[in-house]
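Structure record follows, encoded as structure tokens.
What's counted below: heavy atoms across the whole structure, side chains too, no hydrogens, waters or symmetry copies. Heads up: numbering here begins at 1 and tracks the sequence.
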Amino acid sequence: MSKINFYHLQKQPLENVLPKLLEKAYATGANTIVRIGNPERVEFINSILWSFEEQSFLPHGSKKDGNAQIQPIWLTSETDNPNKAEMLFLVDGANLEDADVETFSRIFVIFDGASEEALAQARNMWKKIKTTNNECTYWQQDAQGKWQKSA
């Protein structure tokens, strides 16, 4: 059974939110996959993770870097799991595959609230997951940009 968290971006862009969430995931010691819905954005997100904060370091890599099996955070647009990750982040419209809920203990769906397409995709994923035994939570940003769990 997976725990699936939906993060509805309203106050901040993905570039500000993803690194913070990945820091928390990395702190657990579990390997992570970031599945990116647009292959052209993989290297963009790779560069963001290298430069998002001067005092922070998130070890990660992508196909361009190689050595997937030793990367704690693997960035990809593919559906494989080369670093035997326990956590999966879906961004930029990446799809949730049926096998993902069996493979990953935690799944994070991060979607842009300003995009009707992203909202529709997230709603469809939510409806599909709610028919399973997996736990779903929905997170939304308050006026200050802090994450609030909604019922």
Side-chain angles (χ1 to χ4, degrees), residues 1-53 56-65 67-115 117-126 128-130 132 134-141 145-150:
M1 184 160 90
S2 293
K3 182 174 182 181
I4 303 159
N5 296 322
F6 286 77
Y7 284 86
H8 187 162
L9 299 178
Q10 296 171 292
K11 305 288 183 196
Q12 298 174 321
L14 177 67
E15 295 81 19
N16 293 353
V17 171
L18 182 62
K20 298 291 184 193
L21 292 173
L22 286 173
E23 279 183 324
K24 290 179 181 182
Y26 178 66
T28 70
N31 281 355
T32 301
I33 296 275
V34 179
R35 187 180 301 154
I36 302 157
N38 180 339
E40 292 77 36
R41 293 254 305 165
V42 171
E43 291 312 315
F44 171 74
I45 291 176
N46 195 351
S47 69
I48 296 264
L49 295 182
W50 284 120
S51 61
F52 77 97
E53 275 186 8
S56 186
F57 173 70
L58 277 174
H60 68 280
S62 66
K63 187 184 279 188
K64 178 181 168 188
D65 303 309
N67 298 310
Q69 67 282 358
I70 64 167
Q71 300 288 354
I73 300 171
W74 184 247
L75 309 174
T76 185
S77 60
E78 311 277 323
T79 59
D80 59 338
N81 186 0
N83 66 344
K84 308 229 183 317
E86 296 173 38
M87 295 188 198
L88 171 65
F89 283 74
L90 300 173
V91 301
D92 286 345
N95 288 318
L96 179 67
E97 303 294 327
D98 290 338
D100 292 339
V101 295
E102 303 299 325
T103 304
F104 300 98
S105 60
R106 300 280 311 268
I107 299 173
F108 302 83
V109 179
I110 305 172
F111 62 98
D112 182 357
S115 165
E117 183 180 333
L119 285 170
Q121 181 186 24
R123 283 185 190 114
N124 287 335
M125 276 190 226
W126 178 270
K128 184 176 180 180
I129 292 165
K130 289 303 269 184
T132 69
N134 297 289
E135 179 185 339
C136 289
T137 55
Y138 173 78
W139 297 83
Q140 187 171 11
Q141 291 174 300
K146 300 249 185 221
W147 291 106
Q148 301 294 318
K149 185 177 175 181
S150 298

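- In this structure the side chain of Ile45 reaches within 4.5 angstrom of the side chain of Val91, judged on heavy atoms.
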- Item | Worked check of side-chain contact (heavy atoms from CB on, under 4.5 Å) between Asn67 and Asp65 | CA-CA 7 Å; Asn67 298 310; Asp65 303 309; over 6 Å; no
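- Under a 3.5 Å cut-off, the side chain of Ser2 and the backbone N or O of Phe104 do form a donor-acceptor pair.
- In this structure a side-chain-to-backbone donor-acceptor pair under 3.5 Å is present from Asn31 to Asn83.
- Below 30°, between 30° and 60°, or above 60°: for Trp139 and Tyr7 the angle between ring planes is below 30°, a parallel geometry.
- Within the model, atoms CD1 of Ile36 and CG of Leu75 stand 5.0 Å from one another, a figure rounded to the nearest 0.5 Å.
- The minimum heavy-atom distance linking Leu49 with Phe52 is given by the pair O-CD2, 3.5 Å.
- Across every non-hydrogen atom of Gly61 and Gln71, the tightest pair is N-OE1, 3.5 Å.
- Taking every heavy atom of both residues into account, Thr132 and Asn134 meet most closely at OG1-ND2, 2.8 Å.
- We find the SG-CD1 distance between Cys136 and Ile4 to be 5.0 Å, quoted to the nearest 0.5 Å.
- No donor-acceptor distance shorter than 3.5 angstrom exists from the side chain of Gln10 to the backbone of Gly113, with no hydrogens or angles considered.
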Could you pull out every donor-acceptor pair under 3.5 Å between side chains of residues 16-24 and any protein atom, sequence neighbours left out?
from: Lys20; atom 1: NZ; to: Glu53; atom 2: OE2; distance (Å): 2.2
from: Glu23; atom 1: OE2; to: Ser56; atom 2: OG; distance (Å): 2.5

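- With rounding to the nearest 0.5 Å, the separation of NZ in Lys63 from CG in Asp80 is 8.0 Å.
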- Take Asp98 and Lys128 through the salt bridge (charged side-chain N to carboxylate O under 4.0 Å, His left out) test and state the conclusion after the steps. CA-CA 10 Å; Asp98 290 338; Lys128 184 176 180 180; 2.6 Å; yes
- Give the C-alpha distance, both sets of side-chain angles, the deciding distance and a yes or no for side-chain contact (heavy atoms from CB on, under 4.5 Å) between Trp147 and Gln141. CA-CA 5 Å; Trp147 291 106; Gln141 291 174 300; 3.5 Å; yes
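- Taking CG of Leu96 as the start and OG1 of Thr79 as the end, the distance is 11.5 Å to the nearest 0.5 Å.
- Between Leu119 atom CG and His8 atom NE2 the span is 5.0 Å, to the nearest 0.5 Å.
- Residues Ala94 and Gln121 approach most closely at O-NE2, 3.5 Å, considering heavy atoms.
- Residue pairs meeting the salt bridge (Lys or Arg N to Asp or Glu O under 4.0 Å) criterion with at least one member in residues 38-51, sequence neighbours excluded: Glu15-Arg41, Arg41-Asp92.
- Expressed to the nearest 0.5 Å, how far CG of Leu14 lies from CZ of Phe111 amounts to 12.5 Å.
- Crowding of Gln148 atom CD: a count of heavy atoms from other residues, nucleotides or ligands under 6.0 Å exceeding 12.
- Checked options Ile33, Asn81, Leu88; the residue passing with Thr103 is Asn81 (criterion: side chain to side chain contact (heavy atoms under 4.5 Å, CB included)).
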- Let me see the working for Met125 and Phe6 under side-chain contact (heavy atoms from CB on, under 4.5 Å), right down to the final yes or no. CA-CA 10 Å; Met125 276 190 226; Phe6 286 77; 3.9 Å; yes
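- Screening residues 103-114 for salt bridge (Lys or Arg N to Asp or Glu O under 4.0 Å) gives no qualifying pairs among residues at least two apart or on separate chains.
- A distance below 6.0 Å separates the ring centres of Phe108 and Phe89.
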- Run the side-chain contact (heavy atoms from CB on, under 4.5 Å) check on Met87 and Thr28 step by step: do they pass? CA-CA 10 Å; Met87 295 188 198; Thr28 70; 3.2 Å; yes
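- Put simply, the side chain of Glu86 never gets that close to the backbone of Ala30: no donor and acceptor are under 3.5 Å apart.
- Summarising the geometry of Ile107 relative to Leu90, their closest heavy-atom pair is CG2-CD1, 4.2 Å, with the distance given to 0.1 Å.
- Although no hydrogens or angles enter the test, the distance criterion places a donor-acceptor pair under 3.5 Å between the side chain of Thr76 and the main chain of Glu78.
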